[in-house]
Asker: 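Take a look at the following structure, please.
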Amino acid sequence: MDNNLDWGNLGFAYRKTNERYVSNYKNGTWDEGCMTTDDMVTISECAGVLQYCQACFEGLKAYRTEDGRIVTFRPDLNAQRMEDSAKRLEMPLFPKDRFVEAITKVVQANKEFVPPYGSGGTLYLRPYMFGSSPVIGVKPADEYQFRVFSTPVGPYFSGGAKPITICVSDYDRAAPHGTGNIKAGLNYAMSLHAIVTAHNNGYDENMYLDAATRTKVEETGGANFLFVTKDNKVITPKSDSILPSITRRSLMYVAKEYLGLEVEEREVYFEEVKDFVECGLCGTAAVISPVGKIVDHGKEIIMANGNTQMGPVIQKLYDTLTGIQMGRIEAPEGWIKVIE
Ligand SMILES: *Cc1c(COP(=O)(O)O)cnc(C)c1O
């Protein structure tokens, strides 16, 4: 490991690594795929992705464990979710076993970019697929490219997890029966104005409510909510327009099976939020970011057990899941894929 990276201070930015995986879809089939050192993509000026945003993606990480192995966390779920995204966008499915194989190859080819255990860093993996052939009348492309690249990233929180402040957004993230439940770039393109607005107003993130009634909590731009009640029940909002976070699903399992907590996935009314004592945002990037304060047009809700530091339940969830990912705590069957 001598590529002169300052492992403790990587931040979250793209850094080009050695090799990436590419497979092309043409005449109804995927080619055999290959690794390449070429980080540039050459496509038609009229490619489906450029004109009508026909693209989806995934995000996962490779971790260096305490005993020096390199592992990934539940990549089969990312493969499944990418299938679900592709179906909704009329894109071909990339076989799930080949998805996991591509992830494995990319990690193996970029081993020296997997940050050491204890640095807090990880190798972030970005699988994605896009329509590459020309499309001018609105229809699905005929040809597609599936790629996976990797980039080393630092710990999400440098200097400890400080609770963030979020605001209830005036914008909607996802429509009922829309595309909120798939991982499509288009969901992010239209969230940029909302997040820049939130930042300009001094908030770290947006809380989106359901578009139809604006009474129920959905999620943020890129993370699902977890709430903790006064009596230590862990609650996560249920809705067809929430992106099913793998981190959130794993944390709910950990809460129940490892910590013996009661868990509930159900509709959560914004009205109830003031009664919760802890709040966290879950996703691959941070595992859980604690939320200390939620502001609804000037009205502040302060999380009783988590406004100066991570609350006790969320801290336990965080420690247990990161312990599983880093090999300190035994994982449920099938959660950890050892790369080497
Ligand atoms: C990716 C994503 C998440 C987090 O999902 P993980 O699988 O836990 O990384 C949550 N919400 C949205 C909108 C996302 O795109």
Side-chain angles (χ1 to χ4, degrees), residues 12 53 55-63 72-86 88-89 96 99-100 103 122-129 148 150-151 153 155-156 164 166 169 171-176 178-195 198 204-211 217-227 234 236-255 265 268 279-291 314 317-318 320-322 324-325 335-337:
F12 197 87
C53 253
C56 59
F57 68 101
E58 276 300 325
L60 68 162
K61 288 171 166 180
Y63 306 82
T72 54
F73 182 72
R74 311 187 80 179
D76 52 313
L77 297 190
N78 295 96
Q80 177 61 54
R81 196 168 61 188
M82 189 138 183
E83 264 203 24
D84 299 339
S85 300
R88 179 66 173 78
L89 297 173
K96 283 181 281 201
F99 179 103
V100 175
I103 295 292
T122 52
L123 186 68
Y124 184 75
L125 297 155
R126 170 54 59 89
Y128 59 115
M129 192 200 293
V148 183
S150 62
T151 186
V153 297
Y156 194 82
I164 60 170
I166 65 175
S169 183
Y171 297 97
D172 295 323
R173 190 194 82 88
T179 54
N181 59 346
I182 60 164
K183 218 163 169 71
L186 55 89
N187 290 333
Y188 281 79
M190 62 95 215
S191 76
L192 296 175
H193 180 62
I195 191 65
D204 298 299
E205 260 299 344
N206 281 307
M207 171 186 269
Y208 292 105
L209 302 180
D210 73 295
V217 177
E218 293 256 303
E219 61 171 317
T220 67
N224 288 181
F225 278 105
L226 281 188
F227 296 104
V234 180
T236 192
K238 185 183 174 82
S239 153
D240 291 341
S241 43
I242 289 176
L243 190 282
S245 156
I246 294 163
T247 314
R248 183 257 299 164
R249 286 181 270 162
S250 304
L251 286 165
M252 292 298 273
Y253 181 90
V254 163
E265 184 181 358
V268 172
C279 173
L281 304 178
C282 10
T284 295
V287 183
I288 315 182
S289 330
V291 174
I314 284 181
L317 283 167
Y318 177 87
T320 310
L321 190 61
T322 52
I324 289 170
Q325 290 169 333
W335 279 24
I336 298 296
K337 169 149 177 64

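Both ligands and their constituent atoms are indexed starting at 1 by order of listing. Just so it is clear, the model here is predicted, and its values are computed rather than measured.
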Asker: Is any side-chain N of the basic residue among E265 and R249 closer than 4.0 Å to the acidic one's carboxylate O?
Answerer: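 Looking at R249 together with E265, the answer is no, because their closest N to O distance does not fall below 4.0 Å.
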Asker: Looking only at protein heavy atoms, which one is nearest to atom 2 (C) of ligand 1, and how far off is it?
Answerer: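 Atom 2 (C) of ligand 1 sits closest to the protein heavy atom K183 NZ, 2.6 Å.
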Asker: If you have a sec, work out which protein heavy atom is nearest atom 9 (O) of ligand 1 and how many Å separate them, to one decimal?
Answerer: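 So the nearest neighbour among protein heavy atoms is T284 OG1, 2.6 Å.
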Asker: As a test of understanding, state which of E219, E205, E218 forms a salt bridge (Lys or Arg N to Asp or Glu O under 4.0 Å) with R173.
Answerer: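 The passing option is E219.
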Asker: Tell me whether ligand 1 is touched by R173 - counting only heavy atoms on the residue side and a distance under 4.0 Å.
Answerer: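 It does, in that a heavy atom of R173 comes within the 4.0 Å cut-off of ligand 1.
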Asker: Are Y188 and F57 close enough that their ring centers fall under 6.0 Å?
Answerer: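 Judged by ring-centre distance (under 6.0 Å), Y188 and F57 do meet the cut-off.
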Asker: Give me the nearest non-hydrogen protein atom to atom 3 (C) of ligand 1 as residue plus atom name, then the distance to 0.1 Å.
Answerer: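 I find the closest protein heavy atom is G222 O, 3.3 Å.
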Asker: Indicate yes or no: does an N/O atom of E219 lie under 3.5 Å from an N/O atom of ligand 1?
Answerer: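 For ligand 1, there is an N or O atom that lies under 3.5 Å from one belonging to E219.
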Asker: From the options R81, K183, R126, select the one residue that forms a side chain to side chain donor-acceptor pair (under 3.5 Å) with E58.
Answerer: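 Per the side chain to side chain donor-acceptor pair (under 3.5 Å) rule, the option paired with E58 is R81, out of R81, K183, R126.
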Asker: Output the list of atoms in ligand 1 that are nearer than 4.0 Å to some heavy atom of R81, sorted by atom number.
Answerer: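 Near R81, meaning under 4.0 Å from one of its heavy atoms, ligand 1 has 5 (O), 6 (P), 7 (O).
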Asker: Mind checking the CZ-CD1 spacing from F225 to I288? Nearest 0.5 Å is all I need.
Answerer: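 The CD1 atom of I288 is 13.0 Å from CZ of F225, to the nearest 0.5 Å.
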Asker: Taking only heavy atoms of Y188, which atoms of ligand 1 are found under 4.0 Å from at least one of them?
Answerer: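 Reading through ligand 1 atom by atom, the close ones are 2 (C), 12 (C), 13 (C), 14 (C), 15 (O).
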Asker: Which of the numbered atoms in ligand 1 are below 4.0 angstrom from a heavy atom of G221?
Answerer: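 What qualifies from ligand 1 is 13 (C).
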Asker: Drop me the distance from C282's SG to I246's CD1, to the nearest 0.5 angstrom.
Answerer: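 If we round to the nearest 0.5 Å, C282:SG and I246:CD1 are 12.0 Å apart.
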Asker: Evaluate the ring planes of W335 and Y253, with Trp represented by its six-membered ring, and classify them as parallel (under 30°), tilted (30 to 60°) or perpendicular (over 60°).
Answerer: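 Plane angle between 30° and 60°, so tilted.
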Asker: Check A223 against ligand 1 and report side chain, backbone, both or neither, counting heavy atoms closer than 4.0 Å.
Answerer: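 It is the backbone that gets close, since no side chain atom is under 4.0 Å.
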